[in-house]
Structure formats: structure tokens, C-alpha cells
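Notes for the one structure printed next.
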Amino acid sequence: MDLRVTDLAVARGGIPLLEGVSFTLNAGEALVLRGPNGCGKTTLLRAIAGLQPALQGQITCPPDQIAYAAHADGIKATLTVAENLQFWAAIHGHRGIDAALQSLNLADLADRPAQTLSAGQKRRLGLARLLVTKRWLWVLDEPTVSLDTASVTLFAEVIRTHLATGGAALIATHIDLGLSEAARLDLTPYKAQMPADLGFDDLGFDGAFL
Amino acid sequence: MSALLIRDLRLAFRAGGGFGLGLGFFLILAVLVPLGVGPDQSTLGLIAPGILWVGALLACLLSLDRLFALDFEDGSLDLLATSPIPMEGVVAIKALAHWLTTCLPLALAAPLLGVLLNLPITAYAALLLSLLIGTPALSMIGAFGAALTVGLKRGGLLLSLLVLPLYVPTLVFGAQSVTRAAQGLDITTPLALLAGITAGSLALLPFAAAFALRINLR
């Protein structure tokens, strides 16, 4: 199992951001994407996760093998931590959330309504969702926002365990996760040079919805 | 998919879930109309079918803008789009949850409110039956409108403008079946047309709404 991205170009709101992005990610590997704000990291990850079409290029991994985690965690405030996690486990056809709760140190909070959690605790709940999807490729967009240093270390350990069991992770982040084995890819050289109107032409009538 | 239905029902019944909003609106309308129109019983009986159907329709509209907007804001919709459940299934389940929490209570309460409006005795069965048959179309058409406007801030006005014209056939045949029952006439034809609209909406609109959602998520 691997993710091969070839000559990928992505646009946001009709404006091309990145072009010619190519990389390969094999099972057991992690790749950290770097680049300044607005360079297209989120757009690239959304394209890989199948949430938006790429302008051109190929992505070999089908979206149904990808667990995507973005800035918003998809947590319902009036459900408890366990109910939130059980829901996502059931959606992906699995049961059993205890291991995920343990891994991210949420076991003591399982019966608390999610609205009483702190921002960092909510983030940990959002990341615990990755474990219950049981998918091999994690696509993570700024996973460490609002996590304290202890939680960042904890999460790095979770990623390492995931890699050791044949998973892979594609991570966009600004801070050092402490994953020394992870490869790094700076997106700055891939900044799109193509004329701005090409994006609109390719999107066709969908442009009306933008 | 049952997990999604259970979650939506649970959210609706928890604090702030909005369950009872439509029912409360419907109740207030049915109580206020006799006060506004006056105590003339024959006038009230004449307008009761139309008032009850218009009231149910507007009450159904009240909770529509929350249907996808809440999931869109907290990121659940992105995550559902990447989940193994097809988007069409997500739309159908969310429309079903809307029907169970909003329209079904309206249909069950309508005969009670008919008493306040002096609805003729022959029309109660037709009122309940027409609402049970017709309101699934209201939920499904509403889900389509909500899917079109999901990314917009304060999209409620646009949603109403989009959805209300599509609600007209359901309203016409629904109210007509109750009116005809009140006059002692046969109601097979309007009920059959109502069922046709519902069946057509349920068959086609999940696909249209899922398509609109995918575009709005880009």
C-alpha cells in the first residue's frame, strides 16, 4: 500500500496555488509538509482526501483508505466524549473505542459532555477519531493546534505506533512533532505559476458555486 | 447509517437541539388564528384545512437551515464526506431525522389543533393522513434547499425563497384533500397526487442534494 502523488496541481476559489507536486509515501512512513501560511497545504490535503478535485495530476490512493483530520474536529457539544467517538467508530463499521480513549489519555473524560472540554482536550478527541476509523493513511492538517507539549509528545507516540503497524501519515504542521524519522517536503518551490484564469475554465459551471 | 440517525435524533432531543421549535410555532399559530379571525364557527371551519397545512409547512421550514449548517460548521460534514457512507445516504438519513423530529410531531398534533379551528368532523382522518403522506416531501425538498445553501452565512432567507415554490404542489394537494373531506367529497385523487410528489422527491432529491453538498464542500 502506498500513496503516489504525481504532478498534482490544486486551486482554491479558482486561484491556482500549487503545481507539479510529486511525492511517494509508503506504508510505515510519515511525510511532513512545510510551507508558509496560504501556500496551499490545506488545499493539497483536501484534494488528497477527495474533498475537492485537483486541477491536474494523479493521486493513487483512493479516498476510502484515508482518515482526514482538519482544523474542525466534528465534535458535537451535547454528546459525551464516548458518544462522539462511538458515533465515528460506528460510521466506519467498527466497535470498541477503549483503545483510542487510552491512547490519547481520554479515558477519565469519557462520560463528560464535549462542551465542557478544553480546546486541547477537544483536539485530542478529534485525533482519537483517527484511531477508530482503522484506515491506514492519516492525512493531518495542523494536528497539534492547541495541544500542550505533553500532548504533542503523546500524539507523536500515537503516530509512531500507527506507522509501526503498517500505517502512514501525511502531516502539515508548523511545529516540530519530534518525529525524527519523518521525511520533510517544503511546498514553497511548487508555487503555481500558471495564469489565474485557467482555474476558472477548468472548474466549468461549478464556478457559479464558489 | 443507523448510527447517523441515532446521533441526529439524540442531538435533537438534547438541550438546544431545536426539537419542539416547529411544534411550538404550529401550536401558537393555531391558537392565535381563532383570536384574529373572530369566533364565527363557519368561517373558521372553512379556513381550517388551509391554516393547518400552511402552519405545518412553515413550522417545517423553521428548522431546515440547521439541517446541514451545524455539521458544516463543526467539520462533521467534511468527515462524513470522507466516511464509507455515500453522501446520498447522509442526505436521506438527515432528512429522515428531520421528518421524525419535526414533521411527525406536527402531523400527530394537527388533529388536536383542528378542534381549536372548528375543523368539520369528517376531515380529521384526511388531515392526519395527508400530513403523514405529504410531509416527507417537505423534509426531502427542504434537505435539498439546505444542501444548496449550506456554505452561506445566514442562508436562511435564500433557503426559504428556494424551497417555498417547491412546496406549493404539496401544499395545494394536501390542503385540497382536507378541504374535500370536510365537504364530504372523495379524496383519493389529491392523496394519490400527494403520494406521487413524496415518492418522486424521495427518489430524486437525495442525489441532487448530495451533488450540491459535494460542490459546497470544495
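Here is the naming used below: chain letters follow the sequence lines, and residue numbers restart at 1 for every chain.
- The existence of a salt bridge linking B:R14 and A:E83 is confirmed by a sub-4.0 Å separation between a basic side-chain nitrogen and an acidic carboxylate oxygen.
- Contact check on A:R4 versus A:D2 returns a salt bridge, with a Lys/Arg side-chain nitrogen under 4.0 Å from an Asp/Glu carboxylate oxygen.
- Heavy atoms of A:R135 lying under 4.5 Å from chain B belong exclusively to its side chain.
- At least one side-chain heavy atom of B:L77 sits less than 4.5 Å from a side-chain heavy atom of B:V150.
- When heavy atoms are compared at a cutoff of 4.5 Å, B:I6 does not approach chain A at all.
- Checked for salt-bridge contact, B:D78 and A:R46 meet the test: a charged N lies under 4.0 Å from a carboxylate O.
- The part of A:D73 that comes within reach of chain B is its backbone (N, CA, C, O), which places non-hydrogen atoms under 4.5 angstrom from that chain.
- For A:I91, the parts sitting under 4.5 Å from any heavy atom of chain B are the backbone and the side chain alike.
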